[in-house]
Protein chains: 2
Amino acid sequence: MKTLPSQPNQSLMDGLRLLEALAARAQPVACTDLAKELGMELTRVNRLVKTLHHKGFAHRDRSRKYGPGAGLLVLSAATLNTLGLFRDGLAALQELREEKLVTAIGVLWRDRVSYFYHWSPGQSLEEAVGRMELFPATRSSIGLALLASHEDSEVRALFGRGPIPGFKGWADLKRALDAARRDGCAVMANADGGVSIGVPVGVPPFAGVALSGARGAKEIARLTARLKDLALRIPQNSRLAV
Amino acid sequence: MKTLPSQPNQSLMDGLRLLEALAARAQPVACTDLAKELGMELTRVNRLVKTLHHKGFAHRDRSRKYGPGAGLLVLSAATLNTLGLFRDGLAALQELREEKLVTAIGVLWRDRVSYFYHWSPGQSLEEAVGRMELFPATRSSIGLALLASHEDSEVRALFGRGPIPGFKGWADLKRALDAARRDGCAVMANADGGVSIGVPVGVPPFAGVALSGARGAKEIARLTARLKDLALRIPQNSRLAV
DNA sequence: TTTCATTTGGCTATAATAGCAATCACCTGG
DNA sequence: CCAGGTGATTGCTATTATAGCCAAATGAAA
């Protein structure tokens, strides 16, 4: 569990919230809209966002709307390089292309999965990377595989008393988590009749890899083994223990 | 020029400095080392870094050293998607592979260029992306091309009274900037006898693309024209005006 | 040009934060 | 296993960075 310091820095936390919101906006956004969405006081938002802008992390257009700035791109480049997930993880995943199935790498982010890479047959690499979908973790085989590496208490805390997407309640989810722990992977049915297989990467797991669209017990078993083998080959400097 | 708000947020600024430092570290780092490097008071660094960790932006290992966290990857994915620079810019650049020359996309970051993509012949796409080199802007054709889109006063402010890498002083640099403005691109000699051609992307320019290793006036002219044509084809939603 | 909506600055009060010193945690060597 | 040393972290108090209210400035649309 991630402990706060004795004196957490509130300004930093709220600034990061704004940075996340800006990074994900398809269109430039006004401060008043940001303040409404995030439930923050307007003057404060304006000052934080202007600070982000001054430092290059936000971009401001002529009509005073804000979007992601060059600093975010620089931060992205640095992160990709340092973590090596791009270079090493994707290199490993390229060999799966021959399966002609949807292939993904994702990381757990709160109660969601961020699909850092989500390739469908016929796509180029550039089209597959930087997908921003934050998908409910409990509706994702990667999500389940990664949640299974957490203590039950942590997973419960993540969902609180609210509904758990795709599950009828905690007992239902716990069954799936226990199965994922037993099997070392998570298998989920797709709407189209195939299944998605998610395998954790790293000890402790920091990301997950998945194939989606597998059909038939034999193929599922074969692909599961293949994914697990591949997960073991992603180098350890990609580590991002959750 | 990017104005600060009347009340800039110092905590956010210092937190971002720490985030940048963490993103770029090849190895996990202790708070004491971070504090020394950045000239910040240790308790403060500890609190800011623990706050980053709590929010998922830093990763903490068993020996209490910190590195980039999953949140940075999520932020990277969101940024890449929102800016579209990856999908659209790289797709455009793939056609340059046939030139068998070093190919790059970079963005200006303070007095440096961040090579978001830096491909050498024989590399795969995964190897070329997420290169974190922050290279002196004045030693880079992309850097020069992008600096040329700024007012002279801004460029001067960037270097202050210090030395200007690769130039004998301001007058020398100004000559190069004026040439870049006149030509719509920057051409720099490489150590190996070839040249690097950098072309700004966007109006106003938000990134640069470059080819390196060109030789001979005819080839340089041909490649320059090709780069300029390509720069015009990178879609406008990639925009990141500096 | 005027009007309206949004952004931003100034001011004052306050609470978030800074830094010092003590305590805690971890690692290494005997 | 224990002790010592080093670094991480907390608690406390003072201070200053920041919050929020309100008015001024700015930009866009009619």
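Chain letters run A, B, ... following the sequence lines, proteins first, then strands; residues in each count from 1.
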Legend entry - Position toward the 5' end of DNA chain C (nearest nucleotide), B:R62 or A:L42: A:L42

Inset, instruction - Please state how far atom NZ in A:K50 lies from atom P in C:dT8, giving the value in whole angstrom units. - result: 5 Å

Legend entry - Within-4.5 Å side-chain heavy-atom neighbours: B:H54 and B:K50: no

What's touching nucleotides 20-25 of chain C from the protein side, N or O pairs under 3.5 Å?
from	atom 1	to	atom 2	distance (Å)
C:dC20	N4	B:T43	OG1	3.3

Inset, instruction - Map B:A30 and A:R44 onto DNA chain D by nearest heavy atom, then report which one ends up closer to the 5' terminus. - result: B:A30

Inset, instruction - Measure from the side-chain N and O atoms of B:E41 to the backbone N and O of B:T43, and report whether any donor-acceptor pair falls under 3.5 Å. - result: yes

Inset, instruction - Using a strict cut-off of less than 4.0 Å between a Lys/Arg side-chain nitrogen and an Asp/Glu carboxylate oxygen, indicate whether A:R175 and A:D178 qualify as a salt bridge. - result: no

Inset, instruction - Write down the distance between CG (A:D14) and C1' (C:dT17), rounded to a whole number of angstrom. - result: 14 Å

Legend entry - Base-pairing string, 5' to 3', of DNA chain C - Watson-Crick or wobble, under 3.5 Å, | interstrand: ||||||||||||||||||||||||||||||

Inset, instruction - Provide the closest heavy-atom pair for B:P165 versus B:T138 in the form atom of the first, atom of the second, distance. - result: O-OG1, 2.8 Å

Inset, instruction - Tell me whether the OP1 or OP2 atom of C:dT6 has a side-chain N or O from A:N46 closer than 4.0 Å. - result: no

Legend entry - Residues A:D229, A:R233: salt bridge by 4.0 Å N-O rule: yes

Inset, instruction - Send over the distance from A:M13 CE to C:dA15 C1', rounded to a whole Å. - result: 14 Å

Inset, instruction - Indicate the ring-plane relationship of A:Y115 and A:F135, choosing parallel, tilted or perpendicular according to the 30° and 60° boundaries. - result: tilted

Inset, instruction - Please list, in 5' to 3' order, the outermost nucleotides of DNA chain D lying under 4.0 Å from any heavy atom of chain A. - result: D:dT10 to D:dA28

Legend entry - Closest-nucleotide 5' rank along DNA chain D - winner of B:T32 and B:S11: B:T32

Inset, instruction - Specify the closest pair of heavy atoms between A:L177 and A:L144, including all atoms of both residues, with the distance to one decimal. - result: CD2-O, 3.9 Å

Legend entry - Non-hydrogen atoms of A:A207 and A:I105 that approach each other most closely: CB-CG2, 4.5 Å

Legend entry - A:H150 side chain near A:L158 side chain, heavy-atom distance below 4.5 Å: no

Inset, instruction - Before accepting this row, confirm whether a basic side-chain N of the pair B:D14/B:R47 lies closer than 4.0 Å to the acidic partner's carboxylate O. - result: no

Legend entry - Note: A:K55-B:E20 ion pair, threshold 4.0 Å (strictly below): no

Inset, instruction - Let me know the distance between NE2 of A:H53 and C1' of C:dT7, rounded to the nearest Å. - result: 14 Å

Inset, instruction - Taking only the side-chain nitrogens and oxygens of A:R60, find out if one of them lies under 4.0 Å from OP1 or OP2 of C:dT8. - result: yes

Inset, instruction - Answer with base, sugar-phosphate or nothing: what part of the nucleic acid does B:Q10 contact at a heavy-atom distance below 4.0 Å? - result: sugar-phosphate

